[in-house]
Amino acid sequence: MASSICLCLLRAVFLVCFVNPLIQGLSGDVNLVQDPRHRLEKNLTGLSIVTFDWHHVQTPYLVITWVFVAGLAKLSVIELNHHVISVVPESGLLIILGFILGGIVWGADKAQTFKLLPPTFFYYLLPQIILDASYFMPNKLFFSNLGSILIYAIFGTCWNAATVGLSLWGCYEAGVMGNLDIGLLQFLLFGSLIAAVDPVAVIAVFEEVHVNEVLFILVFGESLLNDGVTVVLYNVFDAFVALGGPRIDAEEIFKGIFSFVVVAFGGSFLGVVFAVLLSLLTRCTKHIQIIEAGFVFVVGYLAYLTADMLSLSAILSVTFCGICCQKYVNANMDEKSVTTVRHAMKVLANGSETMIFVFLGITAIDTEIWVWNTGFILLTLLFVFIYRIIGVFLLTWMLNKFRLVPIEVIDQVVMSYGGLRGAVAYGLAAMLDKDKIPEKNLIISTTLIVVYFTVILQGITMKPLVQWLKVKRAAHADLKLIEKLNNRAFDHILSAVEDICGRIGDNWWTRGWNRFEENYISWLLMKPKARKNRDYLFSIFHKLNLEDAVNYVSEGERQGSLAFIRSDEVANVDFKKQFGSEFTDVMPDIMVDMSNYELGIENFSVTSIVKDTIPSVSLDIHGKDRKNVADDINAHHLLQQHLYRSRKNHRHKFSRSHFSINQSEDEVQEIFQRTMRSRLESFKSAKMGVNPAKKITKHHKKDLTHKMANGHPDGTDHLYGDEVDSAVGSETGAIRGTFMRDTYTVRAGIENPVFLPAMDSPTHSSLPWLMETDAVAPSQRAQWRLLWTPNRLRRLAPMRVSTCSTDSFLMADLEEHEEKPQTDHEEEIRPVFD
Amino acid sequence: MGSTNSTLLKIPNVEVLMQETGFSPAHIIRLHDRFKALDKEGRGHLCPHDFGAIKELAMNPIGDRIIGAFFSPGKETVDFHTFVKILAHFRPVDKDRPKEPNSPEPINSRSNKLKFAFQLYDQDKDGKISRDELLQVLRAMLGMQVTDEQLESIADRTIQEADLDRDDTISFEEFRKSLEKINIDHKMSIRFLR
């Protein structure tokens, strides 16, 4: 429904914006740049208040309206139908939508006035996509597979170009295509432009099918790096065609090969130079933070244009610029600017991608370019498809002899099938010179058909294929400190073992580079401040903590109050009340779960708990005592963490805490931290000695003995171990389990109770929204991550909850007992609850 | 070929060794040469200080632990067989090799690789990585850039991530579980040992 409305809207917008002006006789040369003086020459008959001056704004107006239309197209495609989206890739749908739009233009205009022109594509649409791709390139993955990627990019592309060109020529000579004005060199030129796998199409399709990261980087890296080869092959054969067959001698061929080296390495080198420039620039943009994000785009674009100016590979240039600068730029710039760059980059890249696909569709609706030659077109499709497969299998077979982890056969199938051709091929075809290549239109139409075939058909079938072959998918992994830590350890282990074996292996190079990078390059390109805080593991830790804190606060706010920060009992009650009154009928599951949890403590009615929990805690002397300190600390935390503050402050704080070892100006901070910590420690030990929990336990226990016939009144003064021993195996095991959890969380009130690590079982944890139900699932993860350290975020002081060790493994024992009785219990309780 | 065979013949029980480790004769010979080069005094076994003489290894932050992994507890020397067996942990897993159903688990299996990494942490060999043990490794690896307090909180968090039974230590089982997502075959293999 929404989709059809969208489409209607789209058409309406379209008709209003374009067709009307066009019908008014403006059709024809759209790119006509209006001379501003034109206006002055008009005969002024009088002062007009409002004038309609379309010519004045025509070009920018059309451009921006097309951008708008493309955006709407993307919107309508996304909103179209989620079912369709899951089958047909977005890029394919955009092309199809482009057909429709093109049809409308055609219908209104009787000629295709809008086309994807090569300059527009190469100068305004492509750079930001490549910059985006390289700026977010997973560098480690990329460089560890660089060898394979280069092999595919260089030899794979050459192979494709040569075989497709030669086979087509062979078929032509055999007379399959009829009479065409085309020779061997033209075929090879065509082969070279159709050979390259297209980065835009690959990104668009592969981002939707989440294949494993190695496979992705192989296809994706190939599509980026083969540009060097494509440009060279294209230029060389273009020149050869211009020269004509007889004048090509060994010298020219040698020059062609040499030009490959220059173009590819020159382009890459230029990119690195611009990356260094950009990094140096961001080192000193401290005082113009507001525009520093812009530099990334400007310098990236400059890298592209400069390379193009020097006839080097522009794509390689911007690729290496993005890959090399990302680390330093992200470290140098303010976090706000980093975020800006990240989002702006995505906006630009996605926008251009949409434009490209829409225009690829629109371009098709034009009778001028279509020349049909069944033999040529079908054979091209066939050869492109088959030689890609052969090339991939051949090269992989060779690569697997050297690779540590061989590329599996199903991965090879996906790689061959992922050989998507796209707008780059079309752009190159459209740039051909009609005088030199009489069959230009045939080449364009064949290229377009290959593009449509690969993007739409192969795009559609890619997902089913990946599923059918059971290709290893990318595991959506959460960031985990232990993994990062062990990765680091593995690196050290491997390089140590290489040393022991006495051979120079991959890790030797990696380590050598890292050392060099650390000692010289970062020194040059990074701000001193950024360098200090740069340890990777530590920044991961920092990131995790920030995430926790944000999740924690947002979770609290989602619940409508931050009150739970102060005390979990209050939170329970508040939440319970609120929840009970508002959502009982909506989410009965949760209520059952909650009742389960609450009534696990006392099989009593809900209201009694609401009344009971607070008094039972606050009547306790130690509880009071604790509450004071806890309030203190909680207030401290609250102010420290949960008031709104910018990220910059976080960071600033962070580096300050770092300096605090050496620098006297931060001694105050240091002293404060230490005092705070020692207070906490002494307080904690005091608490442990008296064990307030026991008291609290007593309260609960009393209730329990009142309410339950099979309670153990003698157990009140026992330590946990004894209690559990007596409880295990009894029918009340489950109740004990939950009950203990609760007392535990209450007891350790030193810390912000919400964060206590002992709340390991979601169904029994003391926070109501931790209930494991579908309705609250989204917040589940957030809560899980909260269990750890956010309260240490600021001070980073280790406040060990050592008390939990006494009962933790007993709880683990209890776990199995809990499961089943719990359900029994639930049924038992429900009548009471109702 | 003649020299190859003669070198191989000098190594006692070389057949068994190759069977156990899966190394090819070429690898065995290469490692044997290396072993002899490390064993400067020609005693036929290596001592910790022989390893310490490797310059790069001395710079490795956890180098001493890796050296320690070569010596079984209470022993001061390592002979060639043990040397090769330890290095066999890092042989890439070969998928083509036919699996005999009742053959023992190869040294380079995933869990053996993990065990090797685990025992680098677990210095007191109680089968658990305690907080202190983790802290030592962290201190070595992160160096001076991070304060002690920060290190401690990193260690805490790491333990909490892996610690399933809440005993504040990481057992091997927990260690294995926490690294389930990591391609150990990839991370703990060296290409030239294939």
Side-chain angles (χ1 to χ4, degrees), chain A residues 402-406 475 477 480-483 485-503 505-508 511 532-535 537-538 541 544-545 657-658 660-661 673 677 757-758 760 787-789 792 795-800 802 804-805 808-809 811-812, chain B residues 30-31 34 37-38 51 54-57 60-63 66-67 70 87 89-90 92 95 116-117 120-121 131 137-138 141-143 145-147 149-150 152-162 164-168 170 178-179 181-194:
Chain A
F402 301 100
R403 278 183 68 90
L404 177 64
V405 181
K480 269 172 105 181
L481 204 55
I482 189 160
E483 286 177 359
L485 172 71
N486 274 302
N487 274 344
R488 165 96 47 115
F490 291 150
D491 287 346
H492 286 308
I493 293 170
L494 285 190
S495 59
V497 171
E498 278 185 1
D499 292 334
I500 290 170
C501 292
R503 284 186 60 179
D506 310 327
N507 295 288
W508 190 87
R511 187 181 45 175
K532 279 226 169 179
N533 263 340
R534 177 176 64 91
D535 193 280
L537 278 177
F538 188 68
F541 179 65
L544 285 169
N545 279 340
S657 73
H658 199 92
S660 60
I661 325 159
Q673 283 177 12
R677 190 152 56 102
D760 52 349
L787 303 181
W788 300 322
T789 44
R792 297 168 207 168
R795 290 160 295 114
L796 293 172
M799 302 204 309
R800 300 288 307 151
S802 54
C804 71
S805 60
S808 58
F809 62 164
M811 280 187 178
Chain B
R30 197 184 286 279
L31 292 177
R34 179 65 182 168
L38 289 178
F51 285 102
I54 306 173
K55 202 176 79 208
E56 286 87 0
L57 197 56
N60 196 315
I62 52 173
I66 292 157
I67 296 171
F70 279 84
L87 290 179
H89 282 104
F90 298 94
K95 290 187 177 114
F116 185 87
L120 292 184
Y121 292 97
R131 182 165 175 267
V137 178
L138 273 173
M141 288 203 305
L142 268 69
Q145 291 167 333
V146 181
T147 64
E149 286 184 357
Q150 290 166 341
E152 281 172 25
S153 44
I154 290 178
D156 287 345
R157 174 144 199 161
T158 311
I159 288 182
Q160 278 168 346
E161 276 182 356
L164 299 174
D165 59 7
R166 305 261 171 250
D167 62 350
D168 276 349
I170 303 176
S178 67
L179 298 181
K181 295 247 175 71
I182 289 187
N183 187 351
I184 300 296
D185 293 342
H186 195 157
K187 302 262 181 197
M188 285 281 282
S189 300
I190 292 177
R191 205 151 54 105
F192 60 68
L193 289 179
R194 183 140 78 142

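Values below: every heavy atom of this structure, side chains too, minus hydrogens, waters and symmetry copies.
- With a 4.5 Å cut-off on non-hydrogen atoms, A:Asn487 touches chain B through its side chain but not through its backbone.
- Around the CZ atom of B:Arg30, the shell of radius 6.0 Å holds no more than 12 heavy atoms that belong to other residues, nucleotides or ligands.
- Across A:Ile482 and B:Glu161, no two heavy atoms sit closer than the pair N-OE1, 2.9 Å.
- The contact between B:Ile170 and chain A is made entirely by side chain atoms (from C-beta outward), counting heavy-atom distances below 4.5 Å.
- Residue A:Leu544 holds its CG atom at 8.0 Å from CZ of A:Phe541, rounded to the nearest 0.5 Å.
- Here the closest heavy-atom approach between residue B:Ile66 and residue A:Ala496 is recorded as CD1-CB, 3.3 Å.
- Of the listed residues (B:Thr158, B:Ile154, B:Leu179), the one with the most heavy-atom contacts under 4.5 Å to chain A is B:Ile154.
- The greatest number of non-hydrogen atom pairs below 4.5 Å with chain A, out of B:Phe116, B:Tyr121, B:Phe51, is found for B:Tyr121.
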